[in-house]
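Step one of this worksheet: look at the structure below.
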Amino acid sequence: MNRKATTMKDQRIVIFDTTLRDGEQCPGASMNMREKLEVARQLARLRVDVIEAGFPISSEGDFHAVHTIAREIKGPVIAGLARCVPADIDRAAAAIKPAGRRGRIHVFLATSKIHREHKLKKAQDEILRLAVEGVRRARSHVRDVEFSPEDGSRTEPDFLVQVCRAVVGAGATTVNIPDTVGWSVPEQFGALISHLYHAVPEFQSGQAVISVHCHNDLGLAVANSLAAIRAGARQIECTVNGIGERAGNASLEEVVMALQTRRDYYPGLRCGVETREILKSSRLVARMSGLMVQRNKAIVGENAFAHSSGIHQDGVLKKRETYEIMDPVDVGWGGTELPLTKHSGRAAVAARLRQLGFALRDDDLAAVFTRFKQIGDKKKFVYDDDLAALVEGRITEVQETWSLVYLHVTSGNETVPTATVRLRHANRSKTAQLVQDASIGDGPVDAALRAIDRLTGTHGKLMEYSLRAVSQGMDALGEVTAKVDFGDGVLVTGRDASTDVIEASARAYLNAVNRHLGARKCRRCAVPQVSK
Ligand code: KIV
Ligand code: ZN
């Protein structure tokens, strides 16, 4: 990435990815360490400029994730979020330290009247003072400091100019204007950015970059981000699949492809994203976060390049551009694939995994290969998507307190659905580790989950359940994602895949149970959660 701040004359748009911070804040999207690291690796392959890896003060887990990503991921700048509080800033600095000169501290403080008066109970001069002190403290740790006036779009424009000038004076190299509550509309937001650009000489001289961070409450996050670019913004904060707080953030793939596809309207503007990695990134984030992408989602939805009307199909066959404004290959769709079979050896599987971008440790490869052989016995062809699901299943594996040993289900239109389940406990003596019980339920899945609850002593409420075919054919793997509330209001995501959908459901639920038990253990030693 070009470390010198960009000016409006510069044509480089910095892509700041916040999938692992704002995206992960989305209820039910929380990821464990390995999942975050895998997403970060993919973001590096996608060639984003900045990865916001987390909010280090918020928990031990977040600190550890940011620290590990800063150590492991080469290429992008690694940012850690901090409130304008010394302890937060110092903690963020410690977390990003392994990234060295690629480390960024992102400090934020609310500036709008409603936040000042009701949330912070502070006057404008106090806000200015705290913002400057926060930026100075961050600068004492790193050269690369970003400041965000939270709820910037609803802040009085003249006060916002004062804030921008003050923080740039204190050493901020990027000033990010968040549309925190997704209130803006494109013309107005563009005008605000233009006003700031012209009122702050350091933005014109290139001493600091204007960034924007748009939320999607009115479905305008991408439109607002693009309007801001036309007005002088040179960094866009966004997330893969647009995941994020409430309705989400600006979607990375939409912003990037809008700039590329409409080069005529954004002449010369470019970003460094490797667009052919977009689909893979989308699928990985969907699996890791448990937030599935709707079929008609632009760029990455199943229907994004599917033409169903005869007239359209005819047109595309005659000339693709009649109905396609982008080449699907440019975002990672298409390509012919030679599926593997049960006869494929370990070397062939390892080679295909490398092609798919997975760098697995030997123990992970061994586990994936064992699962591959099991699946290969049940289905004729193992496709790339099946393999990716196996790898991602391995990544999402957690310390298995309980594992499934045996499942037997009876069901039918005249039968009371009944499940018999046998589980193994990881830490009990040999004689006590196997437990077995049976339960009836509304259906076979319900019966199986009830039996698991009886055996594990948990009482999960299934809040969301989705089943999708991972690849093509009648024998496709069925992948189940279950979001479960174990009574504490936290949504825990469990996931697994099998050619048998009842087994996949039981395994996904058990994955959630194990995560819940693991998190409970972790919470006992974690620092308290903070709110903004
Ligand atoms: O939406 C927001 O205001 C944020 C800030 C922390 C940048 O996420
Ligand atoms: Zn946000």
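Atoms within a ligand are numbered from 1 in the order they appear, just like the ligands themselves. Treat the numbers as computed from the prediction; the structure is a model and nothing was measured.
Here D62 pairs with K36 under the salt bridge (charged side-chain N to carboxylate O under 4.0 Å, His left out) rule; sequence neighbours left out. Partners of E38 under the salt bridge (charged side-chain N to carboxylate O under 4.0 Å, His left out) rule, at least two apart in sequence or in another chain, are R41.
Heavy atoms of T180 found under 4.0 angstrom from ligand 1 belong to the backbone as well as the side chain. With a 4.0 Å cut-off on non-hydrogen atoms, R21 touches ligand 1 through its side chain and not its backbone. The proximity of E237 to ligand 1, defined as any non-hydrogen pair under 4.0 Å, does not occur for either the backbone or the side chain.
Cation-pi geometry between R116 and F159 is met: under 6.0 angstrom from the ring centre, within 45 degrees of the axis. The cationic group of R91 does not satisfy the cation-pi geometry with F55, failing either the under 6.0 Å distance to the six-membered ring centre or the 45° limit from the ring axis.
For ligand 1 and H215, the ligand atoms under 4.0 Å from any heavy atom of the residue are 1 (O). Per-residue contacts place E150 under 4.0 angstrom from the following atoms of ligand 1 (heavy atoms of the residue considered): 3 (O).
The NE2 atom of H213 and the NE2 atom of H215 subtend an angle of 100° at the Zn ion (ligand 2), given to the nearest 10 degrees.
Put simply, the residue from R102, R101, R104 that forms a salt bridge (Lys or Arg N to Asp or Glu O under 4.0 Å) with D144 is R104.
Residue side and main chain included, D22 places an N/O/S atom under 2.8 Å of the Zn ion (ligand 2).
In terms of polar-atom proximity, defined here as any N/O pair under 3.5 Å, D151 makes no such contact with ligand 1.
Relative orientation of the H67 and F63 rings is parallel, given thresholds of 30° and 60° on the angle between their planes.
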